[in-house]
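Below is one structure; the comments refer to it alone.
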Amino acid sequence: MGCSGWRGQDPGDGTLRLGPGSRRLRGPLSPASKEKATMIDKRSAGPHYPPSRSAPITGLIIVRNQESTIGGAVASLAWCEQVVVFDQSSDDDTAAVARRAGADVRTTAVTGVVEPARRAALDAVAADWVLFLDGDEMVPAALAHALVAEVRRGRSDGVAMARRNYLLGHWAKGAGWWPDYQTRMFRKSQVVLPTDLHGAITVRAGAEVTMLPARADLALVHFNYTGLDDWVSRANRYTTLQATGVVFEKNVSGRAAVREFLTRFLKGGGWRLGRHGARLSLLGAMYTWLYVEKAVEAAAGGETGMRAAYDTLADDLLSGRENT
């Protein structure tokens with residue numbers, strides 16, 4: 001369902017020892033709070049996942065029409081005590097694939113985006129620790145070990161982890177897409193869910209968040225945007241939703257789009273990725289341009305207002321009143 005907007009050493013008992021590789025923060029997580037940290041061991045937890053259903057964590061996935069990726073998402077959570085997939089009435093075999101992978105599948109209404117469905121999903125399960133995953137994401141083995149270790153340690157209320165976004169076939173290591181920290185695992189009693197599209201999950205004030213190192217093996221894997229058609233389709237839908245109720249001044253879209261490109265390509269290091277970085281930066285600018293233009297259009301009456309203006313012009317043409 002989701003996509004970004006334009007974001008130990010194993011001692012032998014399945015845990016990771018606390019060491020100089022991870023930081024502990026007090027939430028809500030913010031860029032400024034990243035300065036206050038303590039760390040988890042930088043050594044790999046090994047290539048194997050924890051034993052099946054061994055961790056007191058509930059994995060939640062909200063999904064619609066993702067039959068090609070949901071199996072991997074569920075399988076990468078097999079170490080969780082339970083995995084619940086909330087299928088938003090998919091038209092494909094998403095539900096069947098998820099069940100075969102071992103998930104408890106529950107059918108829900110279509111919301112179009114993931115944010116409104118998260119609260120209902122949380123309320124529907126009895127759990128202390130919850131891990132949210134999108135249907136096109138996976139948890140690597142080393143990350144699974146690190147998350148289990150944090151739960152067993154019992155000193156955090158949430159865990160923030162980096163995310164590897166694969167966009168148009170490549171890992172986006174720049175252009176504002178890395179490390180793309182996400183607070184996806186948390187105590188259910190401490191979470192604060194966003195209501196805005198692509199808003200960040202946070203924790204209550206005073207709650208403690210462990211921030212894992214920005215390393216590939218400790219990062220969520222996100223298989224995002226399979227091609228330009230996919231990007232255009234989702235960008236059109238997301239920008240329409242975001243533009244609703246937002247007001248911008250006319251002529252601001254060009255400046256905002258240029259600023260977005262420069263931020264991603266220069267400050268965000270998109271230039272280091274060559275052609276791929278340029279593409280990602282341009283798409284970010286296009287997303288911003290669409291979002292702002294749609295907001296300006298909506299403030300002027302939107303398609304309904306334009307249709308009314310066209311109807312008036314048509315009447316003037318037929319009556320000879322047109323003033324060219």
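- At a cut-off of 3.5 Å, with distance as the only test, a side-chain donor of S90 or D87 sits close to an acceptor on the other residue.
- Residue L122 holds its CG atom at 5.5 Å from CG of L193, rounded to the nearest 0.5 Å.
- V221 and V148 fall into different hydrophobic clusters, defined by Ile, Leu, Val, Met, Phe, Trp and Tyr side-chain heavy atoms under 4.5 Å apart, directly or through other members.
- Heavy-atom minimum distance, G59 versus L77: CA-CD1, 4.1 Å.
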(request) Please lay out, stage by stage, how M161 and L147 fare under the test side chain to side chain contact (heavy atoms under 4.5 Å, CB included). (result) CA-CA 10 Å; M161 60 211 77; L147 296 177; 3.9 Å; yes
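- Side-chain contact check for W129 versus T58: every heavy-atom pair is 4.5 Å or farther apart.
- A side-chain donor-acceptor contact under 3.5 Å links H222 and D136.
- A salt bridge links D134 with R184; the closest basic N to acidic carboxylate O contact falls under 4.0 Å.
- Put simply, the side chain of H48 never gets that close to the backbone of A142: no donor and acceptor are under 3.5 Å apart.
- What you find for V139 and W79 is that their closest heavy atoms are CG1-CZ2, 4.0 Å.
- W271 is connected to V258 through a chain of hydrophobic side-chain contacts under 4.5 Å among Ile, Leu, Val, Met, Phe, Trp and Tyr, so both are in one cluster.
- Under the 4.0 Å criterion applied to side-chain N and carboxylate O atoms, E297 and K294 are not assigned as salt-bridge partners.
- At a cut-off of 3.5 Å, with distance as the only test, a side-chain donor of R234 or N224 sits close to an acceptor on the other residue.
- Within a 6.0 Å radius of CG in D311, more than 12 heavy atoms belonging to other residues, nucleotides or ligands are found.
- A175 approaches S281 most closely through the heavy-atom pair CB-OG, 4.0 Å.
- Looking at D91 and R64, a side-chain N of the basic residue comes within less than 4.0 Å of a carboxylate O on the acidic one, giving a salt bridge.
- The residue from V130, V83, V151 that alone fulfils the side-chain contact (heavy atoms from CB on, under 4.5 Å) condition with I57 is V151.
- With hydrogens and angles left out, the side-chain atoms of T94 and Q66 include no donor and acceptor closer than 3.5 Å.
- Among all heavy-atom pairs drawn from Y49 and A144, the shortest one is CD2-CB, 4.0 Å.
- Note on R264 versus E260: salt bridge recorded, some NZ/NE/NH1/NH2 to OD/OE distance being below 4.0 Å.
- Under the 3.5 Å distance criterion, the side-chain polar atoms of E67 are matched with a main-chain donor or acceptor of D93.
- With rounding to the nearest 0.5 angstrom, the CD atom of Q242 is 11.0 Å from the CG atom of L290.
- Side-chain atoms of S54 never come within 3.5 Å of backbone atoms of P50 as a donor-acceptor pair (strictly under, hydrogens ignored).
- Salt-bridge check for E150 with R155: failed, with every basic side-chain N at 4.0 Å or more from each acidic carboxylate O.
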(request) Before giving the answer on side chain to side chain contact (heavy atoms under 4.5 Å, CB included), spell out for E303 and R307 the whole-Å C-alpha distance, their side-chain angles and the decisive distance to 0.1 Å. (result) CA-CA 6 Å; E303 292 186 13; R307 175 50 58 194; over 6 Å; no
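- For the pair R163 and Y181, the cation-pi test (distance below 6.0 Å, angle within 45°) is failed.
- Under a 3.5 Å cut-off, the side chain of Q88 and the backbone N or O of T107 do not form any donor-acceptor pair.
- Side-chain atoms of T108 never come within 3.5 Å of backbone atoms of F86 as a donor-acceptor pair (strictly under, hydrogens ignored).
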(request) Under the side chain to side chain contact (heavy atoms under 4.5 Å, CB included) rule, what do Y238 and Y291 come out as? Steps first, then yes or no, please. (result) CA-CA 8 Å; Y238 294 149; Y291 167 41; over 6 Å; no
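- The side-chain heavy atoms of L167 and L280, taken from C-beta on, include a pair separated by under 4.5 Å.
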(message) For a ring-ring contact (aromatic ring centres under 6.0 Å, His included) check, start with the C-alpha distance between W171 and W178, then their side-chain angles and the critical distance, and finish with the verdict.
(response) CA-CA 9 Å; W171 176 13; W178 175 259; 5.3 Å; yes
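- Side-chain contact of R321 with S319: a donor-acceptor pair under 3.5 Å is present, judged by distance alone.
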